[in-house]
2 protein chains.
Amino acid sequence: MPRRCWRGGHGWRGLGCGQRLTAPRQAIYQALSGAQGHLSADEIFLRVRGRMPGIGLATVYRNLELLRTGGHIRSVDAGDGKARYELHQAAGGPGHHHHLICRQCGQVIDYMDFEKDELALVKKLETQLSGKYKYQIAEHDITFYGTCPNCAKRD
Amino acid sequence: MPRRCWRGGHGWRGLGCGQRLTAPRQAIYQALSGAQGHLSADEIFLRVRGRMPGIGLATVYRNLELLRTGGHIRSVDAGDGKARYELHQAAGGPGHHHHLICRQCGQVIDYMDFEKDELALVKKLETQLSGKYKYQIAEHDITFYGTCPNCAKRD
DNA sequence: TTCCTTAATGTTAACAATTCTCATTATCAT
DNA sequence: ATGATAATGAGAATTGTTAACATTAAGGAA
């Protein structure tokens with residue numbers, strides 16, 4: 001009855017105490033790691049249903065939320081009314097990128113042209129903030145907003 | 001009949017050609033400048049209705065969108081399923097801040113502890129990006145995600 | 001001022017994304 | 001294998017946001 005709380009028994013870091021490693025959960029994660037960035041819940045649902053015909057949409061939502069709070073994935077808001085998800089990439093690691101979003105049409109560009117000093121600055125900020133506010137900082141997002149060349153023409 | 005397109009005649013920069021300066025529009029903007037940051041459309045609606053009982057919720061949404069694409073305000077996604085709005089503060093200017101968001105409970109902290117090199121780096125990135133992608137960059141957002149001390153306890 | 005064009009409004013219905021309910025199934029420590 | 005319970009699938013219900021439409025009003029022209 002006491003059933004102590006253990007972690008990581010099944011090899012997946014980030015699943016909390018009592019959380020189970022299920023097939024839909026893995027399939028959803030794989031769908032995200034397969035495609036590159038910015039899938040909506042609906043798109044993930046469709047992809048996963050390809051290999052797992054019986055899966056329900058609610059399960060997708062439930063697991064995205066779980067993966068998100070667990071730090072495996074993060075959501076991006078492109079302003080089109082639906083949340084989009086992508087794998088969480090460690091700062092400085094491969095795949096790490098930031099966003100450039102058009103305020104008018106919502107187009108999202110991933111960019112990876114980092115300045116060499118960028119990582120150092122981010123690290124410094126993290127340390128500072130985590131000290132001041134007692135947050136455990138896991139990731140960051142740098143996004144620039146503006147007008148894309150297409151929308152600029154229409155002005 | 002030709003009615004030429006003029007701008008700024010009523011003193012409000014950022015309203016496009018043909019856009020009118022109406023009472024609800026001003027009230028909504030004032031509601032945002034009155035309270036400090038992160039109001040949802042619903043909250044803005046309630047506040048404005050205090051002074052302007054007949055206003056409709058759709059009007060709030062319409063004007064928030066107008067103010068947003070016009071560059072007066074911007075929306076922040078705290079992950080709680082509703083868009084939140086705040087006045088757009090020019091980078092480096094007073095009131096400019098970044099965000100620290102708890103992935104679990106969605107708490108949003110504004111921070112203004114900038115490093116002196118931060119502004120310089122952002123400017124450099126802006127120039128670089130706007131050259132490469134032909135974007136007119138108007139603003140940026142730097143957000144750190146993590147776990148707040150409260151939610152860390154519950155783990 | 002008064003007129004006229006048309007942007008903006010308020011109401012309501014419609015919509016689409018997300019969450020909830022609940023009976024059933026499946027994970028996994030024992 | 002067994003039992004406690006986390007997770008699932010189906011669908012209904014809820015919620016934030018947008019569209020439709022008839023009405024009002026901003027503001028340039030006369």
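Since the model is a prediction, treat every value here as computed from it, not as a measurement. The sequence lines fix the lettering, A, B, ..., with proteins before strands; numbering per chain opens at 1.
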> Ring centroid separation for B:H99 and B:H38, is it under 6.0 angstrom?
Replying inline: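 For B:H99 and B:H38, the ring centres are under 6.0 Å apart.
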
>> Does A:Q30 form a side chain to side chain contact (heavy atoms under 4.5 Å, CB included) with A:R47? I'd like the steps, not just the answer.
In response: CA-CA 10 Å; A:Q30 278 173 26; A:R47 293 194 180 212; over 6 Å; no

> For DNA chain D, what residues of residues 43-52 of chain A have any heavy atom nearer than 4.0 Å?
Replying inline: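 Of all residues in residues 43-52 of chain A, none places a heavy atom under 4.0 Å from DNA chain D.
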
> Is there a residue in residues 53-65 of chain B whose heavy atoms reach under 4.0 Å of DNA chain D, and which residues are they?
Replying inline: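 Per residue number, the list reads B:L57, B:A58, B:Y61, B:R62.
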
Euclidean distance, atom [atom1] of residue [X] to atom [atom2] of [N] [Å, nearest integer]:
X	N	atom1	atom2	result
B:Q19	C:dT9	CD	P	11 Å
A:R25	D:dA7	CZ	P	5 Å
A:Q26	C:dA26	CD	P	15 Å
A:D42	C:dT19	CG	P	14 Å
A:R68	C:dT18	CZ	P	12 Å
B:D80	C:dA17	CG	C1'	14 Å
B:K82	D:dT18	NZ	C1'	17 Å

> Hey, does the side chain of A:T22 come within less than 4.0 Å of D:dA6's phosphate (OP1/OP2), counting only N and O?
Replying inline: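 No, A:T22 has no side-chain N/O under 4.0 Å of OP1/OP2 on D:dA6.
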
> Within the structure, does a side-chain N or O atom of B:R20 lie under 4.0 Å from either OP1 or OP2 of D:dA25?
Replying inline: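 False: B:R20 side-chain N/O out of range (4.0 Å or more) of D:dA25 OP1/OP2.
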
>> Taking the axis from the first five pairs and the axis from the last five, what angle separates them in the helix from C:dT1-D:dA30 to C:dT30-D:dA1, rounded to 10 degrees?
In response: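 Rounded to the nearest 10 degrees, the bend comes out at 50°.
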
> Could you go step by step and tell me if A:L119 and A:H96 meet the side chain to side chain contact (heavy atoms under 4.5 Å, CB included) rule?
Replying inline: CA-CA 11 Å; A:L119 185 59; A:H96 183 61; over 6 Å; no

> Among the nucleotides C:dA17, D:dT17, D:dG27, which one has an atom lying closest to any side-chain atom of B:A83?
Replying inline: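 Of all the options, the side chain of B:A83 is nearest to D:dT17.
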
Kindly indicate whether the side chain of [X], heavy atoms from C-beta on, has any atom under 4.5 Å from the side chain of [Y].
X	Y	value
B:T59	B:F45	no
B:L129	B:Y135	no
B:L121	A:E118	yes
B:E43	B:L46	no

>> What I want to find out is whether B:R68 reaches B:E65 closely enough, with some N-O distance under 4.0 Å, to be called a salt bridge.
In response: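 A salt bridge links B:R68 with B:E65.
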
>> Checking B:D141 against B:T143: is there a side-chain donor and acceptor pair closer than 3.5 Å?
In response: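 A donor-acceptor contact under 3.5 Å links the two side chains.
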
>> Applying side chain to side chain contact (heavy atoms under 4.5 Å, CB included) to B:L100 and A:I137, what does each step give before you reach the verdict?
In response: CA-CA 9 Å; B:L100 180 55; A:I137 296 178; 4.1 Å; yes

> Parallel under 30°, tilted from 30 to 60°, perpendicular over 60°: which one fits the rings of A:F144 and A:Y111?
Replying inline: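 A:F144 and A:Y111: tilted rings.
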
